[in-house]
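Report on one structure; see the data block that follows.
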Amino acid sequence: MSILLKIAKYGSVAVGSATVDWPMFALFFTLLGLHPVFAQMISRIGGGIFSFVANKYWSFRSKRDGYLLKQARRFLLLYAFSYILSLGIFYLASQIIGITPYVSKLTSDIAIFGVNFIAMQIYAVSYTHL
């Protein structure tokens with residue numbers, strides 16, 4: 001599959017992930033009044049679950065279901081890095097710099113998009129060779 005097609009598919013999954021993540025953030029932060037950092041922590045998990053499933057089966061076309069637990073473990077390690085990076089950027093922007101939570105979330109999401117694509121590309125190559 002060409003790199004441009006992979007980027008397009010990965011971008012589509014990122015939009016789907018954001019479609020899960022952002023409403024969850026709004027629910028926990030705006031409607032339920034949870035601290036914005038905690039709302040970000042919860043919503044990123046929802047987006048991460050969507051991302052794993054969609055990237056596994058659609059973006060990177062891994063059909064090796066027998067390795068699901070191994071792939072999930074590897075994804076979790078990779079996602080932990082992304083999750084911590086996202087929370088760090090969000091915390092810095094919203095709590096230290098004082099940017100509004102929604103702009104901080106957008107900043108965080110944009111900042112990790114490229115890092116996540118590169119990491120997922122490496123991840124996809126490594127687990128298709130299991």
Point to revise | Pair listing, salt bridge (Lys or Arg N to Asp or Glu O under 4.0 Å) test, anchored in residues 22-35, at least two apart | key: none

Review point. side-chain contact (heavy atoms from CB on, under 4.5 Å) with L85: which residues, sequence neighbours excluded?
Key: F81, I89, I112, V115

Review point. Aromatic rings F38 and H35: how do their planes relate, parallel, tilted or perpendicular, breaks at 30° and 60°?
Key: perpendicular

Exercise for review: Please check if M24 and L32 belong to a single hydrophobic cluster, counting links between Ile, Leu, Val, Met, Phe, Trp and Tyr side chain heavy atoms closer than 4.5 Å.
Suggested key: yes

Practice item. Check ring pair (Phe, Tyr, Trp, His ring centres under 6.0 Å) between Y102 and all other residues, then give those that pass, not counting sequence neighbours. Key: F25, F29

Review point. What are the two closest heavy atoms between F28 and I42, and how far apart are they?
Key: CE1-CG2, 3.4 Å

Point to revise | Any residue meeting side chain to side chain donor-acceptor pair (under 3.5 Å) with S86, in chain and number order, not counting sequence neighbours | key: Q40, R44, S108

Point to revise | Linked, directly or transitively: I84 and I96 (ILVMFWY side chains, under 4.5 Å) | key: no

Review point. Residues two or more places apart in sequence or in another chain: which of them pass side-chain contact (heavy atoms from CB on, under 4.5 Å) with L31?
Key: L27

Check your understanding: Which residue pairs pass the salt bridge (Lys or Arg N to Asp or Glu O under 4.0 Å) test when at least one of the two sits in residues 79-93, sequence neighbours left out?
Key -> none

Check your understanding: For I45 and Y79, which heavy atoms make the closest approach, and how far apart are they?
Key -> N-OH, 4.3 Å

Review point. How about D21 and K105: do any of their side-chain heavy atoms sit closer than 4.5 Å?
Key: yes

Review point. Tell me the salt bridge (Lys or Arg N to Asp or Glu O under 4.0 Å) pairs involving residues 79-94, sequence neighbours left out?
Key: none

Point to revise | Side-chain heavy atoms of D109 within contact of W22, under 4.5 Å | key: yes

Check your understanding: Taking only residues at least two apart or on different chains, which pairs with a member in residues 80-101 satisfy salt bridge (Lys or Arg N to Asp or Glu O under 4.0 Å)?
Key -> none

Check your understanding: Between L76 and V20, is there a shared hydrophobic cluster once you connect ILVMFWY residues whose side-chain heavy atoms come closer than 4.5 Å?
Key -> no

**Study point:** With S17 via side-chain contact (heavy atoms from CB on, under 4.5 Å) - residues at least two apart
**Key:** F50, S51

Check your understanding: Any side-chain heavy atom of F90 sitting closer than 4.5 Å to one from P36?
Key -> yes

Exercise for review: Only counting residues at least two apart or in another chain, list the ones meeting side-chain contact (heavy atoms from CB on, under 4.5 Å) with A93.
Suggested key: I99, S104

**Study point:** Sequence neighbours excluded, every pair satisfying side-chain hydrogen bond (donor to acceptor under 3.5 Å, both in side chains) that has a member inside residues 89-98
**Key:** none

